[in-house]
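Comments concern the structure below.
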Amino acid sequence: MMATVQMVHGVPPSLSAKVVGSFAYLTVRDRLPTILTKVIDTIHRNKNKFFEEYGEEGIQAEKQTIHLLSKMRNELQTDKPVLELTDALEDVQNWNQYLERQQRQEGDQEDAVSWFKSPWLYVECYMYRRIHEALWLNPPISDYDVFNEQKTQSFFESQQAVMALCTHLEDIKKNMEDFSKNQLLEHFNKLLKVSLWGNKCDLSISAGQENSQKTSAIESLDSLEPFILVDDSNMVWSTIISAQTAGQPGGTTAGRVDIVLDNAGFELVTDLVLADFLVSSGLAREVHFHGKSIPWFVSDVTVNDFQWTIKQAMASNHKGMSKSGVQWQSYLKAGLWSYHDHPFWTQPHEFCDMAADAPDLYATLQEADLVLFKGDLNYRKLTGDRDWDHTVGFDTALRGFGPAPLSSLRTLKANIQVGLQPGQGEKLTSQDPDWMTSGKYAVVQFYSPTAGQ
Ligand code: F6P
Ligand code: MG
């Protein structure tokens with residue numbers, strides 16, 4: 001963290017590209033334009049496909065979309081003001097109100113809210129929303145997912161690891177009925193950690209470069225253990241167990257676990273495997289998955305990715321994988337699993353704003369016994385993407401957000417980290433200067449709104 005942090009009402013400032021040389025600055029200057037250029041290339045490469053599907057109209061839409069995206073890339077690179085959105089999607093008002101909020105905070109100066117001057121979290125989210133706007137304004141290609149090819153490729157590149165993991169799951173399930181509580185805990189811990197490290201495989205940090213899981217995730221766990229900086233997984237376990245025993249007298253009613261998903265590809269499979277274990281072992285009664293309603297941060301899961309992944313697993317020639325896929329489909333059918341999305345997940349808000357700005361979503365999460373937040377972007381939103389001191393408690397950084405007991409499973413890919421021991425951050429900086437952004441380190445952090453009551 002910077003030596004001279006200006007606290008506003010006791011809260012540190014948002015990370016921003018206005019700090020020249022910072023990770024936010026390098027992201028806005030280099031990584032975001034690279035991602036935009038790839039988006040433009042992808043649309044251009046698919047010109048023939050659009051022509052085949054929609055004729056001349058498809059070609060016009062391709063041209064016009066590229067024009068809008070190039071214009072945005074230019075606005076970004078020349079630090080122009082953030083513009084209002086002009087489409088008619090359900091969240092357009094929220095976005096424009098958010099812009100007004102930012103403008104008010106800057107004293108209503110016309111050009112104060114811009115790509116390099118504004119909070120990094122805001123402008124990075126805004127870029128993905130503008131990509132969606134550019135497509136939406138150009139039917140017939142409005143629904144085209146510009147990141148689909150990359151997501152699909154990353155899934156296929158991690159096939160070996162997916163197969164190994166599904167085989168592992170099927171092996172566990174064969175003997176599950178005879179497991180002692182300790183054995184269950186042991187398997188739970190492993191699968192939670194696999195889901196944690198699955199978050200290494202995202203395509204936003206690598207600016208769209210291939211970044212898939214090559215080795216068996218289970219076999220890598222021991223060697224990765226020293227890179228977990230905070231490990232609250234015992235509290236995640238006790239939350240699951242207490243939800244189970246808090247059921248009706250005379251019977252155990254396990255709790256509901258919500259998983260706020262991050263990336264498609266290998267990470268999604270790790271989440272599905274964890275969810276399968278929770279439900280099949282009776283540790284959870286049901287699992288609610290939360291995904292994105294528009295293509296987001298290159299690799300994030302949309303409903304299509306979710307369904308596609310399960311279908312791929314079902315259709316696989318690999319026995320363990322197809323068995324898992326069939327099981328997952330049946331959980332969905334039986335309502336033990338469900339998929340949900342909400343526009344709030346693809347808005348720029350810190351999660352401490354959720355209760356006021358998306359009360360319906362907040363109320364939904366309140367019904368869960370445990371919410372698992374996957375990945376780096378969720379961590380940035382949980383902690384407000386602010387320049388917190390590393391020793392500030394996770395609970396403090398949440399600033400009142402706590403619909404239910406929650407845990408963040410995140411590999412570090414942005415320069416924000418709270419909840420460390422005094423001196424831990426400094427030591428890491430001296431040993432490994434890129435520790436916060438390389439994806440090499442991870443945390444499992446936990447918070448319960450009811451703790452101590
Ligand atoms: O800066 C790295 C980045 O693009 C962040 O913007 C974002 O937090 C992260 O990658 C995405 O990671 P994840 O998929 O884990 O949320
Ligand atoms: Mg992601």
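The figures that follow rest on heavy atoms only: side chains count, while hydrogens, waters and symmetry mates do not. For ligands, and for the atoms within them, numbers begin at 1 and follow the listed sequence. We number each residue from 1, following the sequence as shown. The model shown is predicted, which means the values in this text are computed figures rather than measured ones.
- Closest heavy-atom approach to atom 5 (C) of ligand 1 among the candidates Lys413, Lys381, Arg380, Glu267: Arg380.
- The Mg ion (ligand 2) sits nearest to atom OD1 when only the N, O or S atoms of Asp262 are considered.
- Heavy-atom contacts of Gly375 reach the following atoms of ligand 1: 15 (O) (cutoff under 4.0 Å).
- Trp120 has its ring centre no less than 6.0 Å from the ring centre of Tyr25.
- A search for side-chain contact (heavy atoms from CB on, under 4.5 Å) contacts involving Ala363 returns Gln366, not counting sequence neighbours.
- Both the backbone and the side chain of Asp376 come within 4.0 Å of ligand 1, counting heavy atoms alone.
- With a 4.0 Å heavy-atom cut-off, ligand 1 is reached by the side chain of Glu124 but not by its N, CA, C or O.
- For the residue pair Ser16/Ser14, the side-chain donor-acceptor check at 3.5 Å is not satisfied.
- Considering Asp300, Asp262, Thr411 only, the shortest heavy-atom separation from atom 13 (P) of ligand 1 involves Asp262.
- Looking at ligand 1, you won't find any N or O of Ala414 less than 3.5 Å from one of its N or O atoms.
- Aromatic ring centres of Phe156 and Trp308: separated by under 6.0 Å.
- Not a single heavy atom of Tyr379 sits under 4.0 Å from any atom of ligand 1.
- Of all N, O or S atoms in Asp300, the one lying closest to the Mg ion (ligand 2) is OD1.
- Paired with Trp197 under the rule side chain to side chain contact (heavy atoms under 4.5 Å, CB included), one option of Thr270, Leu409, Ile228 passes, and it is Ile228.
- With ligand atoms numbered from 1 in the order given, ligand 1 contributes 1 (O), 6 (O) to contacts under 4.0 Å with heavy atoms of Trp120.
- At a heavy-atom distance under 4.0 Å, only side-chain atoms of Asn263, from C-beta outward, approach ligand 1.
- Within the 4.5 Å cutoff, no side-chain heavy atoms of Val230 are placed close to those of Phe394.
- Within the 2.8 Å limit, Ser299 places no N, O or S atom next to the Mg ion (ligand 2).
- Between the side chains of Ser114 and Lys117, at least one donor N or O sits under 3.5 Å from an acceptor N or O.
- The shortest heavy-atom distance from Arg31 to ligand 1 is under 4.0 Å.
- Aromatic ring orientation, His290 versus His288: tilted (interplanar angle from 30° to 60°).
- Atoms of ligand 1 found under 4.0 Å from any heavy atom of Asn199 (numbered from 1 in listed order, with element): 15 (O).
- If you number the atoms of ligand 1 from 1 as listed, the ones under 4.0 Å from a heavy atom of Phe23 come out as 1 (O).
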Let me have the donor-acceptor pairs involving side chains of residues 80-87, under 3.5 Å, with sequence neighbours excluded, atom names and distances please.
| from | atom 1 | to | atom 2 | distance (Å) |
| --- | --- | --- | --- | --- |
| Lys80 | NZ | Thr78 | OG1 | 3.1 |
| Thr86 | OG1 | Glu133 | OE2 | 3.0 |
| Asp87 | OD1 | Leu89 | N | 3.3 |
| Asp87 | OD1 | Arg129 | NH2 | 3.0 |
| Asp87 | OD2 | Arg129 | NH1 | 2.7 |
| Asp87 | OD2 | Arg129 | NH2 | 3.3 |

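- Looking at Asn46, its side chain does come within 3.5 Å of a backbone N or O of Thr42 through a donor-acceptor pair.
- For ligand 1 and Phe297, the ligand atoms under 4.0 Å from any heavy atom of the residue are 6 (O).
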